[in-house]
Visitor: 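Take this structure, written in C-alpha cells, and hold onto it; I'll ask about it next.
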Amino acid sequence: MSKILEVKNLVKKFVKANGDIHTAVNDISFYLEEGEIFSFLGPNGAGKSTTINMITTQLSITSGEILIDGESIVNNPIAARQKIGVVAQHNNLDRGLSAFENLVYHGKYFGMTQSAAESKAHELLRDFGLADWKDDYVKSFSGGMAQRLKIARAIMHEPKLLFLDEPTTGLDPAYRKILWQHVLRLNKENNTTVFLTTHYMEEPERFSDRIAVYNTGEIKAIGTLAELRKLVPSESIIYVTLDKIPLGLEFRLSKFQTIKNVVKKDEKTLTVYPHDSKKALNEILSYLDDSQLKLENIQLSHTTLDDIFIHLTTENKGA
Ligand SMILES: Nc1ncnc2c1ncn2[C@@H]1O[C@H](COP(=O)(O)OP(=O)(O)OP(=O)(O)O)[C@@H](O)[C@H]1O
Ligand SMILES: [Mg+2]
C-alpha cells in the first residue's frame, strides 16, 4: 500500500467580516492509503469542506503541505487536479450548459476522447436518471437532479482519488444506492481512493475502512470503526428518558457498581455507560420505580457511530 494523499500541518485562517481571524483548520496531519475509503466526519462548520477545498486546489492554504501521489499540490496543481474527482458541497455545475455538455466538456478536460466522453456521459446520464434531460440546461434542474449530475461529472474520468463532500445530501434513497454502487465499483475495480464527508452515519459505518472525527479545526480521533469504539466508555449505551431529570440524578446513578458513567444528553435524557448492561438496566428500572420517577423511554443499544461522534464532538464527554 502507498500513501496517495498526505496532509501535513495544514492550516486555514479566514478573516471574518468584523476583521477577526477565524482558524477553520488548525494544524491537521493525516494520510490516505491508496484504495481505502476514508470518512472525514465533523459537525457543521468544523472545517471539512475547507479541508477538501484546499486539497482539491480550489482554496489556497494558509500553511502546511499537501502531497498527492508524493507530489506537492502547490508546486504542481495541474498534475494534482488530473488525479482527482470532486463532488463539491455547493453547486458548481456550469449553468449555461446542458447536462450532456457538462459531462462531455469535463471528460475532455481530463483527457478523454470525444467519443469516449460521449459514451460515458450517456451511460452515467442513464444510470442517474437524467437521460431524458440530457439536452436541458442545468439551471432548470431540481436540487436532487443537479446533485446527481455533479456526481456523474466527478466520476466521468474515473479519478484515482475521489472527494465526496456530503454527496448524498438531497438524494432520495434509490439514488443514494446508485451512487454507492458506482463508488464501490470504482473502489473495487480501479482501486479508487475515496474521501467522504457526510452527516449520514450509516454510510461510513457500512463502507469506510477508516474514519476521522474532526471538530473545531482539529482531528479528535482517527482509525477503524472498531478502534473508535474503544474511545467511548462502553460497548453499549443505555438511554434513559424521563419526563424531567431531577437535579443530581446522573450523579446518583453513576455511583452504581454496574455503571461506569452517566452524562446528560438533553433536558429529558441521560446517556448511561454501563459496566454490565443487563444488570445496570435492571438496577436503573428498580431505582426509578422506588423513586417514583416517570420513565418515558429506556433503550439499550450497541454503541453506534452516532454515539461515538457525539461523544467525541461534544464538550460534555463523560468518562
Ligand atoms: N470564505 C470564507 N470566509 C470566511 N469564513 C469561512 C469561509 N469559508 C468557510 N468559512 C468558515 O470556516 C468554518 C468551516 O467551514 P466549512 O464549510 O469548512 O465547514 P464544514 O465542516 O464543511 O461544515 P458543514 O457540515 O456545514 O458543511 C465555518 O465557520 C465557516 O463559516
Ligand atoms: Mg461542508
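Indexing begins at 1, ligand by ligand and atom by atom, following the structure's order. Positions are given from 1, in the same order as the sequence printed here. Given the structure is predicted, the values throughout are model-derived calculations rather than measurements.
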Visitor: Backbone or side chain, does Ser49 get an N/O/S atom under 2.8 Å to the Mg ion (ligand 2)?
Guide: yes
Visitor: Indicate yes or no for a side-chain donor-acceptor contact from Thr168 to the backbone of Arg176 under 3.5 Å, with no hydrogens or angles considered.
Guide: no
Visitor: How does Lys16 reach ligand 1, by side chain, by backbone, by both or by neither, if only non-hydrogen atoms under 4.0 Å count?
Guide: neither
Visitor: Under 6.0 Å from the CZ atom of Arg206, do we count more than 12 heavy atoms belonging to anything else shown?
Guide: no
Visitor: Indicate yes or no: does an N/O atom of Ser49 lie under 3.5 Å from an N/O atom of ligand 1?
Guide: yes
Visitor: Should Glu33 and Arg210 count as an ion pair when the cut-off is N to O under 4.0 Å?
Guide: no
Visitor: Using heavy-atom distances, let me know which of Gln89, Met54, Lys48 sits nearest atom 25 (O) of ligand 1.
Guide: Lys48
Visitor: Any idea which of Phe40, Phe14, Tyr214 brings a heavy atom closest to atom 8 (N) of ligand 1?
Guide: Phe14
Visitor: Between Ala46 and ligand 1, is there a nitrogen or oxygen pair with a distance under 3.5 Å?
Guide: yes
Visitor: Kindly identify the option in Thr50, Asn53, Ile52 whose heavy atom sits closest to atom 16 (P) of ligand 1.
Guide: Thr50
Visitor: Looking at Tyr137, I want to see if its OH is surrounded by more than 12 non-hydrogen atoms of other residues, nucleotides or ligands under 6.0 Å.
Guide: no
Visitor: Any protein heavy-atom neighbour for atom 31 (O) of ligand 1 (distance below 4.0 angstrom)?
Guide: no
Visitor: Has Glu235 got more than 12 heavy atoms of other residues, nucleotides or ligands less than 6.0 Å from its CD?
Guide: no
Visitor: Do Glu101 and Lys108 sit within salt-bridge range, that is, some charged N less than 4.0 Å from a carboxylate O?
Guide: no
Visitor: Using a distance threshold of 2.8 Å, state whether an N, O or S atom of Gln89 lies below it from the Mg ion (ligand 2).
Guide: yes
Visitor: Would you check the N or O atoms of Gly42, main chain and side chain alike, for any that come under 3.5 Å of an N or O of ligand 1?
Guide: no
Visitor: Which word best sums up how the rings of His122 and Phe100 line up, parallel for under 30°, tilted for 30 to 60°, or perpendicular for over 60°?
Guide: tilted
Visitor: Of all the heavy atoms in Glu166, does at least one lie under 4.0 Å from an atom in ligand 1?
Guide: yes
Visitor: Please identify which of these residues, Tyr31, Tyr214, Phe38, meets the side-chain contact (heavy atoms from CB on, under 4.5 Å) condition with Ile222.
Guide: Phe38
